[in-house]
K.L.:
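Please read through the structure below; I'll follow up with questions.
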Protein chains: 2
Amino acid sequence: MNLKTLAQELGLSPTTVSRALNGYPEVSEATRARVTAAANAAHYHPNTQAKRLATGRAMAIGHIIPISDRHEIVNPVFADFIAGAGEVYARSGYDMVLTIVPDADEARAYGELRSKGNVDGVLIHAPRVNDHRITMLESLGLPYVLHGRISGIESSYSWVDVNNVRAFERATNFLLDLRHRRIALINGIGDMDFARRRRRGYERALAARAIALDPQLITEGEMTEAQGHDQARAMLALPDPPTAFLTASLLSAMGARRAVEEAGLVMGRDVSILTHDDELGYLKNGTAQEPIFTATRSSVREAGRRCAAMLIAQIESGNRQPISELMEAVLVLGQSTGPAPSR
Amino acid sequence: MNLKTLAQELGLSPTTVSRALNGYPEVSEATRARVTAAANAAHYHPNTQAKRLATGRAMAIGHIIPISDRHEIVNPVFADFIAGAGEVYARSGYDMVLTIVPDADEARAYGELRSKGNVDGVLIHAPRVNDHRITMLESLGLPYVLHGRISGIESSYSWVDVNNVRAFERATNFLLDLRHRRIALINGIGDMDFARRRRRGYERALAARAIALDPQLITEGEMTEAQGHDQARAMLALPDPPTAFLTASLLSAMGARRAVEEAGLVMGRDVSILTHDDELGYLKNGTAQEPIFTATRSSVREAGRRCAAMLIAQIESGNRQPISELMEAVLVLGQSTGPAPSR
DNA sequence: TTGAAAGCGCTAACAA
DNA sequence: TTGTTAGCGCTTTCAA
């Protein structure tokens, strides 16, 4: 069923039918009713490709996922972001187009996406410090919104980000209030912008209480269970080991937990672990069963929604002024984190 | 830059340029070379929408992700599958279109996808027992491939699946060989087809050694850390508790691990845990550091590749004969699982 | 080996 | 309020 035959059946011109279906005001309500009824009855849906060609709008948003041999960028958090963005696209009639590209081909991928015209804009993920993608997109003139921020860049751009500095500052303060003084930070890859911000929050909290930074208590890596385990084990073997760990992901926390056990220490008595992450269902019924300080999962999903909405707004308004939005993380401080042991 | 202007610059007709670029044989090699050179120089890429409209092919594959309030279907495994499929699409010139739909709207979503014509086929995820989606797709005539299988359906359909029965049978045998006799199974949601198959493998191994099933040692649920913890704790409190746990996911295993500690038991001595899952980086350099029996992550990615390749083959050949492929899981049996304690 | 012309299904300027 | 016409950028039949 296409527009032409539908129009013939109704004894109308394709134009009128199109106008009726697309909500143009000049159509009489009587015909509009007749047309919509017929369209529904025939399960008519306008052909997307034709519509796109005629309007010059792809009605699609691209998500470019760079994939490298070094890091596993395809992380679990990503799924939640996609789910949030997907909700918004469904409501607004946009398609979500995922492109998986090897790191090296990323520049080319944007260019092609642009000139092939199959998306109206793109969402950018996991920015690194001094990320060059923004410059690239600007020169292409392709609308975009960044999930996260880029520290090294002065020019303004559109972004949605969670206040990572504040989140980690609060978490560190939480541990400091429990009289912990040797607090370790098991962070994400240092090259990633969010990791840098998290570290800044941690440092800020320590500085505010005049506690010197110990570089031995700060590690970074890929946020896997193995990372948490190995790095925690090494730190526990120090002459003056940490009494608390602050980890950037649940997996690292679980690894750290394993290291704690292996060292013959007791969780919550000898060592506390506070995790920035509920990404994998740790939170249940809104109550942290284990020490957790941020409801990452729901935050990430919300970030997905906001990014998508922001990008659509930019595209539809034709407005190229950068917009930005800083989200406060939902903080859910865990109950089972114990005070620092007195030595 | 479009075909017309490119043709003008070359002093050729759009037809010839199109033919040259699309590899039609009737073009002289001289012109073809000239055309491709010019196209590259101008960074010309044919407009996707126009191409689609003209050929009637969307050059896109849809992935429909049902999202329900009850379950978190957007799971981490999904990201790996997507990555695998994405590789294949990139190579073959297809777009990957993700559609997130609320459970209830799924039927409608397929119908629209079909009549709007923005995909040439779909990939179906996470089949349930007696899943009705296959019937729906058959009646729509939309090509599809299923990742997994559906036990309740007799009609044939295209699928790619991992041999879950065998994987769990082997894992159970591994524990049985270590003289465990009270082996608990912490399984996924019973409604999911893969969970049912895994259970079958477990049951088959026990039956082969004439060990009676104990329903108290079989639980199912959403494969979260909390699930593993709660269910393991309950089972450890039984009069005759298990000496080993077989869990369907790393998270459940970690939860079970926590329950074991809380019960004052020692991992590898009092209780062993064997996990079907490396989804979160537990495996490192091909060596299991903890008891794990399947390299899920890489398997899932490979499944993504094969599903995508199979679907594209079907679409391009116009062949509607169902094809299927059973993958053997990559088994990596962990070293640190201990024998059953003698009582 | 190349080109002219029609058409894919829709939208939108212009006319009535 | 409705219809006519042209055109979006490409492919493809038919003719040269």
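All chains are named by letter (A, B, ...) in the order of the sequence lines, taking the proteins before the strands, and each is independently numbered beginning at 1.
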K.L.:
So, does A/S18 get its side chain near the phosphate of C/dT11, meaning an N or O under 4.0 Å from OP1 or OP2?
P.N.:
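True: A/S18 side-chain N/O within range (under 4.0 Å) of C/dT11 OP1/OP2.
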K.L.:
Taking atom P of C/dT2 as reference, at what distance in whole Å does atom CD of B/E29 sit?
P.N.:
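After rounding, the reported distance stands at 10 Å.
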K.L.:
Measure the distance from CD on A/Q49 to C1' on C/dG7 and round it to the nearest whole Å.
P.N.:
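Going from A/Q49 (CD) to C/dG7 (C1'), I get 16 Å.
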K.L.:
Between B/Y157 and B/E138, do the side chains contain a donor N or O and an acceptor N or O under 3.5 Å apart?
P.N.:
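Result is no, nothing qualifies.
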K.L.:
OP1 or OP2 of C/dC10 less than 4.0 angstrom from a side-chain nitrogen or oxygen of A/K4, does that happen here?
P.N.:
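It does not, given that no N or O in the side chain of A/K4 lies less than 4.0 Å from OP1 or OP2 of C/dC10.
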K.L.:
Provide, to the nearest angstrom, the distance between the CG atom belonging to A/L21 and the C1' atom belonging to C/dG9.
P.N.:
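So the CG-C1' distance, A/L21 to C/dG9, works out to 14 Å.
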K.L.:
Got a salt bridge between B/E26 and B/R32, using NZ or NE/NH1/NH2 to carboxylate O under 4.0 Å?
P.N.:
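A salt bridge is absent here (no side-chain N lies under 4.0 Å from a carboxylate O).
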K.L.:
Under 4.0 Å from OP1 or OP2 of C/dT11: is there any side-chain N or O of A/N22 that close?
P.N.:
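Answer is yes, contact under 4.0 Å.
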K.L.:
Given atom CE of B/M1 and atom P of D/dC10, what is their separation to the nearest angstrom?
P.N.:
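About 10 Å, once rounded to whole Å.
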K.L.:
Looking at B/D161 and B/R149, does any basic side-chain N land under 4.0 Å from a carboxylate oxygen?
P.N.:
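B/R149 and B/D161: salt-bridged.
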K.L.:
Could I get a table of every N or O pair under 3.5 Å where one atom is in the protein and the other is in nucleotides 2-6 of chain D?
P.N.:
unit_1 : atom_1 : unit_2 : atom_2 : d
D/dT2  : OP1    : A/T31  : OG1    : 3.4
D/dT2  : OP2    : A/S28  : N      : 3.3
D/dT2  : OP2    : A/T31  : OG1    : 3.0
D/dG3  : OP2    : A/S13  : N      : 3.0
D/dG3  : OP2    : A/S13  : OG     : 3.2
D/dG3  : OP2    : A/T16  : OG1    : 2.8
D/dG3  : N7     : A/R19  : NH2    : 2.6
D/dG3  : O6     : A/R19  : NH1    : 3.0
D/dG3  : O6     : A/R19  : NH2    : 2.9
D/dT4  : O4     : A/T15  : OG1    : 3.0

K.L.:
Return no unless some side-chain N or O of A/Y24 is found under 4.0 Å from OP1 or OP2 of C/dA12.
P.N.:
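For C/dA12, OP1/OP2 do have a side-chain N/O of A/Y24 under 4.0 Å.
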K.L.:
In whole angstrom, give the distance that lies between atom NZ of B/K51 and atom C1' of C/dG7.
P.N.:
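Distance check: B/K51 NZ to C/dG7 C1' gives 18 Å.
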K.L.:
Under 3.5 Å, is there a donor-acceptor pair linking the side chains of A/N118 and B/D95?
P.N.:
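There is such a pair between these side chains.
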K.L.:
B/L53 has an atom CG; how far is it from atom P of C/dC8, in whole Å?
P.N.:
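For the pair B/L53 CG and C/dC8 P, the rounded distance is 9 Å.
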K.L.:
Please report whether the ring centroid of A/H63 lies less than 6.0 Å from that of A/Y89.
P.N.:
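When the ring centroids of A/Y89 and A/H63 are compared, they turn out to be within the sub-6.0 Å range.
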K.L.:
Provide, to the nearest angstrom, the distance between the CG atom belonging to B/N118 and the P atom belonging to C/dG9.
P.N.:
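These atoms are roughly 15 Å apart.
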K.L.:
Looking only at side-chain N and O atoms, does B/S18 offer a donor or acceptor that is under 3.5 Å from a partner on B/T15?
P.N.:
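Side chains of B/T15 and B/S18: no pair found under 3.5 Å.
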K.L.:
Select one nucleotide: of D/dG9, D/dT12, C/dC10, the one nearest the side-chain heavy atoms of B/N2.
P.N.:
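The closest nucleotide is D/dG9.
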K.L.:
For D/dG9, take OP1 and OP2 only and decide whether either is under 4.0 Å from a side-chain N or O of B/Y44.
P.N.:
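So the side chain of B/Y44 is outside the cut-off, no N or O lying under 4.0 Å from OP1 or OP2 of D/dG9.
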K.L.:
Output the rounded distance in Å from CG (B/L3) to P (D/dG7).
P.N.:
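Taking atom P of D/dG7 as the reference, CG of B/L3 is at 17 Å.
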K.L.:
Testing A/H43, A/E9, A/H45 one by one against A/M1 for a side-chain contact (heavy atoms from CB on, under 4.5 Å), which residue passes?
P.N.:
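Among A/H43, A/E9, A/H45, the one that satisfies the side-chain contact (heavy atoms from CB on, under 4.5 Å) with A/M1 is A/E9.
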